[in-house]
Amino acid sequence: LLWYHNVMEEEWGKTCILACETLRSELEFVMESSGSRLTVFSVESGKHLFPDKLREAIQTGLDRIPEEYRTVLLLFGFCGNAMVGVTSGARRVVLPKAADCIPIFLGSRAIRNGYGARRYFFTEGYLRAESNPVSDYEHLIGRYGGIEAREIMREMLKYYERLSIIDTGVFDVAEARTAITALSKATGIPVDVLPGDLRLIRMLIEGDWPSDEFLVIEPGAEITLTDAMSFQSVSQIG
């Protein structure tokens with residue numbers, strides 16, 4: 001694999017990764033298992049509810065990457081079109097064609113789309129994030145008390161039929177289920193566990209970028225709305 005990375009750097013220039021903190025554990029696992037030595041820069045995950053702020057954070061992260069890196073692998077979904085308007089600068093940028101992180105955890109857009117729009121997905125990364133339904137519920141209990149907090153969360157999640165933990169193989173699913181139990185009881189929405197697949201992360205870092213699954217932005221270009229509309233994927237709201 002080190003030989004493969006050397007070949008990739010001959011063709012694409014010195015390469016690094018700019019990743020969302022939500023995907024940190026999965027990225028570290030794939031890199032360790034594949035022997036990857038790519039440098040990783042990160043963007044904190046608390047801005048996903050605010051696409052403009054997330055876009056600004058990603059652009060700032062890109063602009064701060066040292067000039068020696070000629071290719072940047074973006075480990076993000078499009079996240080409410082937060083990627084639209086991001087410019088590559090003097091380097092080549094590669095990212096998955098995914099509406100958000102869910103297809104990256106599940107393995108493909110097709111798998112994610114097959115589950116439909118009535119599941120709220122969780123991983124360890126989502127539970128670590130600054131804002132998620134579990135932390136929101138705890139905050140509401142502290143502010144309004146249990147009865148009103150339950151009513152608010154039932155309204156917020158009324159379109160969902162499952163709280164689904166994606167087992168990516170890198171965290172304790174039992175602990176995640178325990179963390180979600182109170183929310184499940186409050187809303188009456190059952191919890192289930194779905195198998196994850198980290199193939200898209202592996203393909204990204206190994207330079208395997210088929211055009212139906214990855215977007216390659218050349219130096220001096222911008223990610224456009226046309227790019228975002230070039231694939232169909234169900235996205236998670238909130």
Side-chain angles (χ1 to χ4, degrees), residues 17-34 36 38 40-50 54 57-58 61 73-80 82 95-96 98-109 111-112 115 117-141 153 156-157 160-187 189-205 233-238:
I17 302 170
L18 180 63
C20 175
E21 277 288 316
T22 301
L23 288 142
R24 180 182 66 194
S25 297
E26 284 74 17
L27 174 60
E28 290 175 350
F29 175 80
V30 172
M31 291 185 70
E32 182 176 354
S33 63
S34 66
S36 174
L38 296 176
V40 178
F41 302 93
S42 64
V43 172
E44 57 96 4
S45 58
K47 296 181 173 64
H48 284 76
L49 296 179
F50 310 98
L54 180 57
I58 293 168
L73 310 179
L74 287 180
L75 188 55
F76 291 85
F78 272 66
C79 299
L95 69 158
D100 52 30
C101 293
I102 304 303
I104 301 174
F105 288 123
L106 288 171
S108 72
R109 295 195 313 277
I111 293 173
R112 194 270 170 268
Y115 286 121
R118 293 192 175 273
R119 292 176 183 266
Y120 199 105
F121 294 93
F122 293 88
T123 65
E124 179 191 46
Y126 275 107
L127 290 169
R128 280 200 315 263
E130 181 179 341
S131 178
N132 64 73
V134 173
S135 62
D136 291 346
Y137 179 48
E138 293 170 353
H139 173 75
L140 289 168
I141 290 174
M153 292 309 302
M156 289 176 61
L157 297 175
Y160 293 96
E161 297 175 349
R162 290 286 189 277
L163 304 177
S164 296
I165 301 169
I166 305 173
D167 182 5
T168 62
V170 303
F171 63 90
D172 189 326
V173 172
E175 287 186 7
R177 184 187 284 272
T178 298
I180 298 170
T181 296
L183 177 66
S184 174
K185 289 181 178 178
T187 59
I189 305 173
V191 179
D192 63 7
V193 179
L194 304 175
D197 187 337
L198 304 181
R199 61 180 287 275
L200 289 174
I201 301 178
R202 189 168 295 106
M203 292 167 71
L204 181 67
I205 69 175
S233 183
V234 177
S235 61
Q236 176 160 296
I237 305 300

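Just so you know, these numbers use all the heavy atoms, side chains as well, and skip hydrogens, waters and symmetry mates.
- Between atom CG of residue L200 and atom CD1 of residue I205 there is a gap of 12.0 Å, rounded to the nearest 0.5 Å.
- Only one option out of V43, T22, D100, I104 pairs with F76 in a side chain to side chain contact (heavy atoms under 4.5 Å, CB included); it is V43.
- For S184, there are no side chain to side chain donor-acceptor pair (under 3.5 Å) partners, not counting sequence neighbours.
- Looking at I111 and D197, their side chains never come closer than 4.5 Å, going by heavy atoms from C-beta outward.
- Using a 4.5 Å cut-off on side-chain heavy atoms (C-beta onward), P133 and M156 make no contact.
- The minimum heavy-atom distance between Y137 and A182, with the atom names listed, is CE2-O, 3.9 Å.
- Shown here for G61 and L18, the closest heavy-atom pair between the two residues is C-CD2, 4.0 Å.
- In terms of heavy-atom proximity, P96 sits nearest to F78 at O-CE1, 3.8 Å.
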Checklist line | Stepwise side chain to side chain contact (heavy atoms under 4.5 Å, CB included) test for V40 and L75 | finding: CA-CA 10 Å; V40 178; L75 188 55; over 6 Å; no
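- Of all heavy-atom pairs between S131 and D136, the closest is OG-OD1, 3.2 Å.
- Interatomic distance, L106 CG to F121 CZ, rounded to the nearest 0.5 Å: 5.5 Å.
- Side-chain contact between P195 and D167 is absent, with no heavy atoms from C-beta onward closer than 4.5 Å.
- In this structure, I166 and Y126 have side chains that are not in contact, with every pair of non-hydrogen atoms separated by 4.5 Å or more.
- Separation of atoms CG (L23) and OG1 (T123) is listed at 7.5 Å; rounding is to 0.5 Å.
- Minimum heavy-atom separation, Y120 to Y160: N-CD2, 3.4 Å.
- Of the possible donor and acceptor atoms, none in the side chain of R162 sits under 3.5 Å from a partner among the backbone N and O of R119.
- Here E28 contributes atom CD and I201 contributes atom CD1; the two are 11.0 Å apart, rounded to the nearest 0.5 Å.
- For the pair S34/R202, no side-chain contact is recorded, criterion being any heavy-atom separation below 4.5 Å from C-beta on.
- Here the CD1-CD distance, from I165 to E124, works out to 11.5 Å after rounding to the nearest 0.5 Å.
- Nearest heavy atoms, S25 versus R128: OG-NH1, 3.3 Å.
- L140 contributes atom CG, which lies 9.5 Å from atom OG of S135 (distance to the nearest 0.5 angstrom).
- For the side chain to side chain donor-acceptor pair (under 3.5 Å) condition, the pairs that include at least one residue of residues 168-181, sequence neighbours left out, are E26-T168.
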